[in-house]
Amino acid sequence: QVQLVESGGDSVLAGGSLRLSCEATGNFFNSHCMAWFRQAPGKEREGVASIARTGSTRYADSVKGRFTISKDNAKNTLYLEMNNLEPEDTAMYYCATDSPAGIAWYCPLTPEYNFWGQGTQVTVST
């Protein structure tokens, strides 16, 4: 059974930084797409960043240059380093894995993933 547990969400001021973590169980970690999504109240879930088995990354335009996705295969943990946070970044952040649409060097930023965590809240205020 795949389980994903996010942590690291918090309330910060605009311009601040946070690092989200997603700890995964199972033996699939090295061989599947992993991604971060977020969902603000009243809005659709949107892809933030993804990382493929080869390490290739993709980012939403709104976070390029501010967010960095990475993973530690030895710890089965996915990270999202978020810098220069803006109020528009306020949302519940979810990690996801195992996308039927993914390949070795490409992982989608659309929610085509089979497994999801419960989410961690990020709130950015001015």
Side-chain angles (χ1 to χ4, degrees):
Q1 182 69 22
V2 174
Q3 283 192 322
L4 303 173
V5 180
E6 303 96 334
S7 62
D10 205 345
S11 296
V12 297
L13 294 176
S17 298
L18 285 174
R19 188 175 81 157
L20 305 184
S21 300
C22 172
E23 187 171 354
T25 61
N27 295 322
F28 64 92
F29 190 80
N30 294 344
S31 58
H32 288 70
C33 283
M34 297 206 73
W36 288 98
F37 287 79
R38 66 187 182 186
Q39 188 166 19
K43 294 188 177 181
E44 293 186 355
R45 190 168 295 192
E46 65 169 338
V48 174
S50 67
I51 185 165
R53 178 168 58 85
T54 58
S56 175
T57 58
R58 301 180 68 219
Y59 295 93
D61 288 344
S62 59
V63 306
K64 281 181 182 176
R66 301 188 298 122
F67 290 11
T68 303
I69 188 171
S70 63
K71 60 178 180 172
D72 185 330
N73 291 333
K75 295 182 178 180
N76 277 9
T77 301
L78 178 73
Y79 301 102
L80 184 68
E81 187 76 34
M82 305 187 295
N83 297 313
N84 194 20
L85 283 160
E86 303 170 351
E88 293 74 22
D89 297 317
T90 295
M92 186 72 79
Y93 283 71
Y94 300 90
C95 67
T97 190
D98 189 19
S99 172
I103 54 178
W105 59 86
Y106 169 88
C107 293
L109 289 178
T110 49
E112 302 164 89
Y113 288 78
N114 290 324
F115 301 103
W116 295 82
Q118 293 300 306
T120 187
Q121 178 68 37
V122 172
T123 303
V124 184
S125 58
T126 56

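Computed over heavy atoms, backbone and side chain alike; hydrogens, waters and symmetry mates excluded. All residue numbers in this chain count up from 1 along the given sequence.
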Any chance you could measure [X], atom [atom1], to [Y], atom [atom2], to the nearest 0.5 Å?
{"X": "K71", "Y": "T57", "atom1": "NZ", "atom2": "OG1", "answer": "11.0 Å"}
{"X": "Q39", "Y": "E46", "atom1": "CD", "atom2": "CD", "answer": "9.5 Å"}
{"X": "S70", "Y": "L80", "atom1": "OG", "atom2": "CG", "answer": "8.5 Å"}
{"X": "Q3", "Y": "N76", "atom1": "CD", "atom2": "CG", "answer": "12.5 Å"}
{"X": "W105", "Y": "T54", "atom1": "CH2", "atom2": "OG1", "answer": "8.5 Å"}
{"X": "S99", "Y": "N114", "atom1": "OG", "atom2": "CG", "answer": "7.5 Å"}

Show the nearest heavy-atom pair for residues [X] and [Y], with the distance to one decimal.
{"X": "A49", "Y": "L109", "answer": "C-CD2, 3.5 Å"}
{"X": "A91", "Y": "A40", "answer": "CB-N, 3.8 Å"}
{"X": "S17", "Y": "N83", "answer": "OG-OD1, 2.9 Å"}
{"X": "D72", "Y": "A74", "answer": "OD1-N, 3.0 Å"}
{"X": "R38", "Y": "S62", "answer": "NH2-OG, 3.4 Å"}
{"X": "P108", "Y": "C33", "answer": "CD-SG, 4.3 Å"}

More than 12 foreign heavy atoms under 6.0 Å from CD of Q121: is that the case here? yes
Look at atom CD of E23 and say whether more than 12 heavy atoms of other residues, nucleotides or ligands are closer to it than 6.0 Å.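 No, CD of E23 has 12 or fewer neighbouring heavy atoms, counting only those of other groups under 6.0 Å.
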Would you please test M34 and L4 for side-chain contact (heavy atoms from CB on, under 4.5 Å) and show each step? CA-CA 11 Å; M34 297 206 73; L4 303 173; 4.1 Å; yes
Cluster link [X] to [Y], ILVMFWY, side chain under 4.5 Å:
{"X": "Y113", "Y": "L20", "value": "no"}
{"X": "Y59", "Y": "L18", "value": "yes"}
{"X": "V63", "Y": "F37", "value": "no"}
{"X": "V48", "Y": "V124", "value": "yes"}

Hits for ring-ring contact (aromatic ring centres under 6.0 Å, His included) against Y93, two or more places apart or cross-chain, chain-then-number order -> none
Aromatic centroids of F67 and W36 separated by under 6.0 Å: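 No - the distance between ring centres of W36 and F67 does not fall below the 6.0 Å cut-off.
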The test is side-chain contact (heavy atoms from CB on, under 4.5 Å); show your working for R66 and M82 and say whether it passes. CA-CA 6 Å; R66 301 188 298 122; M82 305 187 295; over 6 Å; no
Side chain of R58, backbone of Y106: donor and acceptor closer than 3.5 Å? no
Is there a donor-acceptor contact under 3.5 Å from the side chain of T25 to the main chain of V2? no
Check the pair T120 / S7 against side-chain contact (heavy atoms from CB on, under 4.5 Å), numbers first and verdict last. CA-CA 6 Å; T120 187; S7 62; 5.5 Å; no
Non-hydrogen side-chain atoms of S21 and K75 separated by less than 4.5 Å: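 SC-SC contact between S21 and K75 ruled out.
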Is any side-chain heavy atom of S125 less than 4.5 Å from a side-chain heavy atom of L13?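 Touching, per the 4.5 Å side-chain cut-off.
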